[in-house]
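Keep in mind that this is a model prediction, so the values were computed, not measured.
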Amino acid sequence: MNKLYTAQEVADKLKIKKTTVYELIKRGELNSSKIGKQLRVSEEQLSQYLNSSQQRARESGLHLPDSQPESSMLKRDYLLHSSGLILSGQTSPALELLQSQMAVHPDGLPILQSHMNSYNGLYALYFQKAHIASASLDRDTIRKLVPGISLEAVCLYEYPIGLYVQKGNPKNITALTDLTRADVILANREKGSTRRIFLDEKLKHLGISPEEISGYHNELVSDLSTAAAVAGHKADAAVGEEYVARQSQCLSFLPLETLPMYLVAETSSMGKPGFSALLEIVCSEDFKTSLRNQTGYDISHTGECIRL
């Protein structure tokens, strides 16, 4: 009998990460079958992959190790070897929901998520290392980061961005200008993240130097980590989205502005396999309702397409 393996079982056999197994499948190097909603790799398909890898190694005169180093995977041209869609963006409930619905859509393709912030995601799109970038930036900024290319931006949702403060706001922080106070410590985000770009633009507009803010140079890489710093009294404030603040009983949220989250792709890609399925999902009432119920995001403009 031709045994079927899960992605984790294949990863264990090849001594690689499960995410690398999905990369191999998406690039078409490792064949797989869809059983219901799950991907499975048969014993025959796994043997074919191992034999082809050994053949390539013999032809190149190289010794094939037990498993390919992760770094060698990263040096490949992703788009040429991908049989799925590569989406750059940080983990979010919306992207997880989109991935799950793409997996069961009749015309859907597997989505490989490359975890990057908005700036680096658009940079990857510009250099054709990703098919789609999720970006929570204004349209003019997106155009400047991906110059000379016709783009399509699909609104995924809109959400409030603001300040995380400790429950009850004991230090009475009400605005970004309060970050300059001697008794306030900021938990900042890394350069290139939407939160950092938002903060830096606002500080420049207010005429505030970063050097006036305690903790400005203490960089963390997610809303969860900055929220934890504030909740744990290691900082007094951080910029982030409301959804994360609602997950903690130790935080209060001070809204500052509403931002859109876009899925950005080259206009020329929109007619290619997988993109129409993705757009159909985002525009569906099922997706919108699930997204609103799970996150509370504003879905008033979800599915709207904008030519950039």
Side-chain angles (χ1 to χ4, degrees), residues 88-95 115-123 133-142 144-145 156-262 295-298:
S88 64
Q90 294 189 320
T91 300
S92 76
L95 293 183
H115 298 278
M116 297 180 182
N117 59 37
S118 290
Y119 183 95
N120 289 328
L122 291 169
Y123 187 83
S134 65
S136 186
L137 301 171
D138 65 82
R139 302 172 196 177
D140 287 340
T141 301
I142 293 173
K144 289 175 183 177
L145 291 176
L156 194 57
Y157 57 86
E158 293 176 305
Y159 66 98
I161 189 171
L163 288 171
Y164 303 148
V165 296
Q166 290 154 19
K167 190 69 175 180
N169 196 8
K171 293 200 174 181
N172 194 31
I173 298 168
T174 61
L176 291 175
T177 52
D178 289 320
L179 299 180
T180 62
R181 285 166 33 190
D183 64 332
V184 173
I185 298 174
L186 173 70
N188 207 358
R189 285 293 302 276
E190 82 285 4
K191 289 183 177 180
S193 66
T194 298
R195 314 331 181 200
R196 180 64 171 270
I197 293 171
F198 174 85
L199 176 62
D200 287 348
E201 287 181 340
K202 295 299 181 184
L203 293 180
K204 183 178 180 181
H205 178 74
L206 293 168
I208 297 174
S209 167
E211 303 308 318
E212 299 177 56
I213 300 175
S214 297
Y216 177 87
H217 297 291
N218 297 332
E219 298 180 352
L220 299 173
V221 294
S222 71
D223 281 354
L224 288 174
S225 56
T226 56
V230 175
H233 297 271
K234 294 180 180 179
D236 301 297
V239 176
E241 68 164 289
E242 184 181 22
Y243 173 78
V244 173
R246 293 204 309 267
Q247 313 308 307
S248 172
Q249 297 180 349
C250 302
L251 296 175
S252 291
F253 179 76
L254 308 177
L256 296 174
E257 202 166 300
T258 297
L259 296 181
M261 175 62 76
Y262 294 116
T295 64
Y297 290 148
D298 184 348

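Taking 4.5 Å as the limit, some side-chain heavy atom of Leu176 sits within range of a side-chain heavy atom of Leu163. Using a 4.5 Å heavy-atom cutoff, the side chains of Tyr164 and Val244 are in contact. Side-chain contact check for Ile161 versus Val239: some heavy-atom pair is nearer than 4.5 Å. Counting heavy atoms from C-beta outward, Thr180 and Ile208 have side chains that approach closer than 4.5 Å. Looking at His217 and Asn188, their side chains never come closer than 4.5 Å, going by heavy atoms from C-beta outward. Looking only at side-chain heavy atoms (C-beta outward), Tyr159 and Leu259 come within less than 4.5 Å of each other. Contact check for Ile197 versus Arg189: no side-chain heavy atoms found under the 4.5 Å cut-off. The shortest side-chain heavy-atom distance between Ser134 and Leu156 does not fall under the 4.5 Å cut-off.
Annotation: the span from Leu137 atom CG to Glu201 atom CD amounts to 8.0 Å, rounded to 0.5 Å. Note: Leu179 CG to Ile185 CD1 = 11.5 Å, rounded to the nearest 0.5 Å. Separating the CG atom in Leu206 from the CG atom in Leu203 is a distance of 6.5 Å, to the nearest 0.5 Å. The structure places CZ of Arg195 at 6.0 Å from OG of Ser136, a figure rounded to the nearest 0.5 Å. Expressed to the nearest 0.5 Å, how far CE of Met261 lies from OH of Tyr297 amounts to 7.0 Å. Taking CG of Leu220 as the reference point, atom CZ of Arg196 lies at 11.0 Å (rounded to 0.5 Å).
Ser118 contributes no side-chain N or O that, together with a main-chain N or O of Ser193, makes up a donor-acceptor pair within less than 3.5 Å. With hydrogens and angles ignored, the 3.5 Å screen pairs no side-chain donor or acceptor of Tyr157 with any backbone N or O of Tyr262.
When all heavy atoms of Ile173 and Ala237 are compared, the pair lying nearest together is CD1-CB, 4.1 Å. Pairing each heavy atom of Asp223 with each of Gly240, the nearest pair is OD1-CA, 3.8 Å. Taking every heavy atom of both residues into account, Thr226 and Ala187 meet most closely at CG2-O, 3.8 Å.
Looking only at atom types and distance, the side chain of Tyr216 has a donor-acceptor partner in the side chain of Asp200 under 3.5 Å away.
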Could you walk me through whether Glu190 and Tyr119 pass the side chain to side chain contact (heavy atoms under 4.5 Å, CB included) check? CA-CA 11 Å; Glu190 82 285 4; Tyr119 183 95; over 6 Å; no
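Applying the side chain to side chain donor-acceptor pair (under 3.5 Å) definition to pairs two or more places apart or across chains, none involves residues 242-254. Residue pairs meeting the side chain to side chain donor-acceptor pair (under 3.5 Å) criterion with at least one member in residues 166-179, sequence neighbours excluded, are Gln166-His233, Lys171-Asp236, Thr174-Asp178. Note on residues 174-201: no pairs pass ring-ring contact (aromatic ring centres under 6.0 Å, His included), not counting sequence neighbours.
The number of heavy atoms from other shown groups lying within 6.0 Å of CZ (Arg139) does not exceed 12.
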